[in-house]
Amino acid sequence: MRHAFLTDEQIDARALAHRRGLGFRDDRAIDFARLMARLKARYPNFTYERVGDDGLGEAEAQWDSQTKRLLIADTVFEGAERGEGRALMAVAHAVGHALLGHQGTFNRSPSGSPAERFSPKLRSMEYQARRYAAAFLIPDTPAVRALDATGLSRRYHVSMSAAIVRHSELRSGESATVSSSRPGGAAG
């Protein structure tokens, strides 16, 4: 399968559609346990597994498109259960690979993969997954655009650095302006 080029607007629109399709409200943070349950319910072949921290090397999470399995390192799993921003971002990044249809095995690690330096295709898919994760956790809606970075961090339980980046994306117009045809989104 050929890798599809997606614009930032397309990535943001897909993330918002997936967020709403999984029943999460636009104005609330993603709950990790609900996310995993809803992914399993919506995509019957999707599985996830908690693994020891040493089981993935330096990776925090791993998506394998062939087995449709998400592996999550213990510390990331525990952090996501507590609603910690960095852990939620790692999980959302891996989910991004899955829901964007990326083919292969992808490791989410703090330093990125050395292969990204040599493969434009891999670099593009990693960029898409990073962008997707931010858009999935912090949706692009008029109400969200009115918040500052501190408000984004507090409301959506993401790190301040992630909130600053997303705030900048939303303010700069890099992101699609989404109409609020569904105020508050679906129940979540």
Side-chain angles (χ1 to χ4, degrees), residues 1-30 35 39 42-43 60-61 63 65 70 85-104 106-113 115-186 188:
M1 179 177 174
R2 191 172 183 289
H3 167 65
F5 173 80
L6 298 172
T7 66
D8 289 344
E9 292 80 12
Q10 290 169 320
I11 295 167
D12 283 13
R14 286 187 186 188
L16 183 61
H18 290 149
R19 179 186 175 93
R20 288 175 174 172
L22 290 166
F24 290 102
R25 291 175 52 119
D26 294 345
D27 61 345
R28 295 205 182 139
I30 297 288
L35 174 61
L39 285 168
R42 178 135 187 181
Y43 305 102
E60 299 168 320
W63 169 250
S65 66
L70 171 60
R86 177 131 181 86
L88 290 171
M89 189 64 76
V91 170
H93 179 99
V95 168
H97 283 302
L99 296 183
L100 290 171
H102 294 166
Q103 298 298 306
F106 300 91
N107 292 309
R108 163 68 173 159
S109 63
S111 60
S113 80
E116 282 182 65
R117 288 190 293 259
F118 304 107
S119 170
K121 178 181 175 180
L122 183 56
R123 197 168 36 251
S124 173
M125 288 189 288
E126 287 301 326
Y127 171 81
Q128 288 181 11
R130 280 190 295 274
R131 177 73 184 213
Y132 180 96
F136 186 75
L137 294 176
I138 304 172
D140 182 3
T141 66
V144 169
R145 284 178 173 258
L147 297 173
D148 63 10
T150 301
L152 294 176
S153 177
R154 287 183 182 148
R155 177 171 293 168
Y156 294 103
H157 304 171
V158 297
S159 69
M160 187 54 133
S161 61
I164 290 169
V165 169
R166 187 65 175 152
H167 183 260
S168 175
E169 291 171 354
L170 295 172
R171 285 287 186 217
S172 71
E174 291 177 12
S175 196
T177 301
V178 178
S179 70
S180 58
S181 59
R182 283 176 54 187

Restricting to non-hydrogen atoms, name the atom on [X] and the atom on [Y] that form the minimum distance, rounded to 0.1 Å.
X	Y	value
Gly21	Arg42	O-NH1, 2.6 Å
His102	Gln128	NE2-OE1, 2.9 Å
Leu100	Arg14	CD2-CD, 3.9 Å
Arg25	Arg19	O-NH2, 2.8 Å
Thr141	Arg20	CG2-NH2, 4.0 Å
Ala90	Ala61	O-CB, 4.2 Å

To the nearest 0.5 angstrom, please state how far the [atom1] atom of [X] sits from the [atom2] atom of [Y].
X	Y	atom1	atom2	answer
Arg171	Asp148	CZ	CG	8.5 Å
Leu39	Leu22	CG	CG	5.5 Å
Arg86	Glu60	CZ	CD	4.5 Å
Arg131	Tyr127	CZ	OH	4.5 Å

* To do: Check the pair Phe136, Ile11 against side-chain contact (heavy atoms from CB on, under 4.5 Å), reporting the backbone distance first and the verdict last.
  => CA-CA 9 Å; Phe136 186 75; Ile11 295 167; over 6 Å; no

* **Set of residues satisfying ring pair (Phe, Tyr, Trp, His ring centres under 6.0 Å) with respect to His167, sequence neighbours excluded** =>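 So His167 forms no ring pair (Phe, Tyr, Trp, His ring centres under 6.0 Å) with any residue.
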
* Asked: Which residues pass the side-chain hydrogen bond (donor to acceptor under 3.5 Å, both in side chains) test with Ser65, sequence neighbours left out?
  ->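 With sequence neighbours excluded, Ser65 shows a side-chain hydrogen bond (donor to acceptor under 3.5 Å, both in side chains) to no residue whatsoever.
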
* Asked: Where do Val91 and Val95 land on the side-chain contact (heavy atoms from CB on, under 4.5 Å) test, with the steps shown first?
  -> CA-CA 6 Å; Val91 170; Val95 168; 4.2 Å; yes

* **Pair Asp12 + Arg166: basic N to acidic O under 4.0 Å** =>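 Salt bridge present between Asp12 and Arg166.
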
* When you check the gap from the basic side-chain N to the acidic O, do Glu126 and Arg123 get nearer than 4.0 Å? ->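 No, this pair does not count.
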
Expected list for residues 149-158: side-chain donor-acceptor pairs under 3.5 angstrom, two or more places apart:
unit_1, atom_1, unit_2, atom_2, d
Ser153, OG, Val158, O, 2.8
Tyr156, OH, Asp26, O, 2.5

* For side-chain contact (heavy atoms from CB on, under 4.5 Å), just list the numbers for Trp63 and Leu99, CA-CA rounded to whole Å, side-chain angles, deciding distance to a tenth of an Å, and then say yes or no. => CA-CA 11 Å; Trp63 169 250; Leu99 296 183; over 6 Å; no

* To do: Specify whether His18 and Tyr132 have parallel, tilted or perpendicular ring planes, treating 30° as the upper limit for parallel and 60° as the lower limit for perpendicular.
  =>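 Tilted, since the angle between the ring planes falls between 30° and 60°.
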
